[in-house]
Amino acid sequence: MSTLEAKGNWIGGAWRPSSSGEVREVRNPSNVDEVVGVVAWSTPADVAAAVESAEKAFRSWKNMPAPSRARILSKAADILAGRLEEVARLLSREQGKPIGEARGEVQRGVDLLHYYAGEGWRSLGHVIPSAAPGALMFTVREPLGVVGVITPWNFPVAIPLWKSCPALIFGNTVVLKPAADAPLTALAIASVFEEAGMPPGVFNVVTGPGSQLGDALIQHEAVKAVTFTGSNAVGAHIARQAAARGIKYQLEMGGKNAAIVLADADLDHAADVVISGAMRFAGQKCTATSRAIVERGVLDAFTEKVVERARRIAVRPATDEEAYLGPVVNEAQRQKVLEYIELGKAGEGKLAAGGGIPEGDLYARGFFVEPTVFVDVRPDARIAQEEIFGPVLSLIPADSPEQAIEIANGVKYGLSASLFTNDLTRAMQYIRDIEVGMVRVNAETAGVEFQAPFGGYKASSSYSREQGRAAIEFFTQVKTVTIAPAGGC
Ligand code: NAP
Ligand code: MG
């Protein structure tokens with residue numbers, strides 16, 4: 001048994017088993033015979049214990065000078081940097097992210113810790129001219145209290161940290177409920193904070209079933225805000241509960257991101273970037289490229305380049321240094337991806353690459369799917385409308401740049417989009433007309449940087465933004481202060 005297996009939940013500065021005593025195995029999606037670890041399968045009572053610890057820790061954490069909180073985050077950054085390889089391997093084994101990308105994600109976690117440590121040293125308010133003689137009027141930003149953090153499995157280091165770090169640096173305390181498919185990585189983060197000397201109760205992790213623990217977290221009266229990344233169905237459920245309780249909520253959800261390729265684009269560059277956006281980490285990024293909308297004049301040439309690249313992709317177990325495409329996260333996810341592939345084959349498109357499960361012993365015990373490309377896909381086909389979250393790319397022809405933007409906008413989501421062109425006027429039109437939160441030109445739909453605001457339009461987000469300085473808006477509330485001279489001046 002690994003040390004993590006014995007640890008259970010991280011609550012109030014101690015490792016505690018589930019109150020029911022139940023545990024669950026976590027298996028490697030590249031090879032289901034490998035048990036990566038065992039975690040607590042917790043109950044609402046464990047969530048309550050975590051929230052109570054966080055509530056107890058709140059006042060002294062809030063009142064600690066922000067630069068002192070910053071030092072703890074900086075220390076955590078250094079510790080995580082020292083444990084980069086260990087955490088990356090754990091992530092790769094528990095969740096199937098190719099090891100190269102897993103290292104990149106842990107490095108991103110280190111950078112996030114440094115970045116938000118920096119926020120502890122920056123100003124957090126404004127001085128506003130008062131109309132009253134001699135008065136000083138200013139704003140301060142204060143923490144909300146206990147924040148519930150509910151995260152998906154696809155970025156189990158980056159997402160918990162990009163939510164928890166701003167929550168913590170602005171003086172909130174945190175209860176994290178990580179995804180059931182990636183709990184070990186979240187516990188590794190807790191152990192980094194433990195080593196960094198985070199005071200007990202400031203950061204807590206409870207592992208177990210989202211459907212029960214999520215409700216227990218959002219319903220607890222001490223929880224003042226909930227930040228969520230995951231599916232639209234769960235997001236809507238969380239929003240209803242948060243609204244009923246009158247607490248703050250923030251949702252980051254699905255995407256159906258398009259790359260538009262105009263006739264003047266550098267097609268080799270566009271093909272490289274589109275394939276990377278569609279296929280890396282098996283398309284399981286909310287910002288993955290899942291549609292390429294291509295001007296007819298270059299459709300054949302672009303299709304050839306994309307298909308040729310898709311066929312060359314190295315599909316490997318995630319910890320293999322060669323892996324470009326690993327498995328999808330679990331059997332249910334693979335079934336869902338294969339069902340979409342069947343829709344494509346049944347007439348929604350023409351299959352140009354992949355289309356099934358790769359053959360060979362290497363793939364026999366994992367949830368692998370071939371990198372799959374469909375061409376001639378109608379914009380209203382289900383594979384062109386619904387989030388697949390797998391290594392599946394649909395090529396959609398367009399008659400003009402304007403039509404390409406219309407097709408790109410013709411989905412319920414609005415997270416990220418790319419345009420490939422060298423025409424500045426076309427790029428400006430696209431920047432104006434595209435309905436997404438993250439607009440990219442000659443760059444991948446995925447791989448956006450954490451120091452800038454992150455979030456989507458339409459069904460992709462709840463209008464708030466995460467990351468960068470934008471995180472201040474969600475994780476703080478504003479107090480307006482006026483100090484008038486006693487007796488006038
Ligand atoms: P999910 O099923 O919505 O799960 C997300 C989290 O919510 C998990 O921790 C889950 O716990 C928990 N949960 C499940 N039911 C809940 C409930 N009734 N109340 C409260 N919490 C509950 O999403 P997923 O399958 O893990 O992740 C894939 C989705 O995330 C995709 O739609 C993807 O687009 C989206 N995503 C969006 C972004 C973004 O920033 N926009 C980034 C990454 C992923 P369990 O794991 O225990 O069920
Ligand atoms: Mg789920």
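Indexing begins at 1, ligand by ligand and atom by atom, following the structure's order. Hydrogens, waters and symmetry mates play no part in the numbers below; they use all other heavy atoms, side chains included. All residue numbers in this chain count up from 1 along the given sequence. It should be emphasised that the depicted structure is a prediction, and the values quoted were computed from it without experimental measurement.
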(message) Using a 4.0 Å heavy-atom cut-off, which part of Ala233 comes near ligand 1: side chain, backbone, both, or neither?
(response) neither
(request) Answer with side chain, backbone, both or neither: which part of Thr287 has a heavy atom less than 4.0 angstrom from an atom of ligand 1? (result) neither
(request) For Ile247 and Lys224, work out which heavy atoms get closest and say how close. (result) CB-O, 3.4 Å
(request) State whether Phe155 and Lys285 meet the cation-pi test: NZ (Lys) or CZ (Arg) under 6.0 Å from the six-membered ring centroid, and within 45° of the perpendicular axis. (result) no
(message) Side chains of Ser19 and Asp46: any donor to acceptor distance under 3.5 Å?
(response) yes
(message) As an exercise, identify every atom of ligand 1 less than 4.0 angstrom from a heavy atom of Pro152.
(response) 26 (O), 27 (O), 43 (C), 44 (C)
(message) Less than 4.0 Å is my threshold; does some heavy atom of Phe228 fall inside it relative to ligand 1?
(response) yes
(message) Can you tell me which portion of Ile150 lies within the under-4.0 Å heavy-atom range of ligand 1? Options are side chain, backbone, both, or neither.
(response) side chain
(request) Decide whether the shortest distance between a heavy atom of Asn232 and an atom of ligand 1 is less than 4.0 Å. (result) no
(request) Using only heavy-atom distances, determine whether the side chains of Thr185 and Glu94 contain a donor-acceptor pair under 3.5 Å. (result) yes
(message) Quick test of your reading of the structure: of Glu252, Glu387, His237, whose heavy atom lies closest to atom 18 (N) of ligand 1?
(response) His237
(message) Between Trp162 and Phe474, is the ring centroid distance below 6.0 Å?
(response) no
(request) Please state whether Gly208 comes within less than 4.0 angstrom of ligand 1, counting heavy atoms only. (result) yes
(message) Between Ser418 and Val441 (side chain of the first, backbone of the second, donor and acceptor by atom type, cut-off under 3.5 Å), is there such a pair?
(response) no
(request) Examine Phe170 together with Phe475 and report whether their ring centres are nearer than 6.0 Å. (result) no
(request) Classify the angle between the aromatic ring planes of Trp15 and Trp10 as parallel (below 30°), tilted (30 to 60°) or perpendicular (above 60°). (result) tilted
(request) Have a look at ligand 1 and work out which part of Met253, if any, has a heavy atom under 4.0 Å from it: side chain, backbone, both or neither. (result) backbone
(request) Would you check the N or O atoms of Thr229, main chain and side chain alike, for any that come under 3.5 Å of an N or O of ligand 1? (result) no
(request) Would you mind running through ligand 1 and noting each atom that sits below 4.0 Å from a heavy atom of Ile159? (result) 42 (C), 43 (C)
(request) For the residue pair Ser42 and Asn9, confirm or rule out a side-chain donor-acceptor distance under 3.5 Å. (result) yes
(request) For ligand 1, note which part of Pro209 has a heavy atom under 4.0 Å away: side chain, backbone, both or neither. (result) backbone
(request) Answer with side chain, backbone, both or neither: which part of Leu213 has a heavy atom less than 4.0 angstrom from an atom of ligand 1? (result) neither
(request) Could you see which bit of Lys285 sits under 4.0 Å from ligand 1, with heavy atoms only: side chain, backbone, both or neither? (result) neither
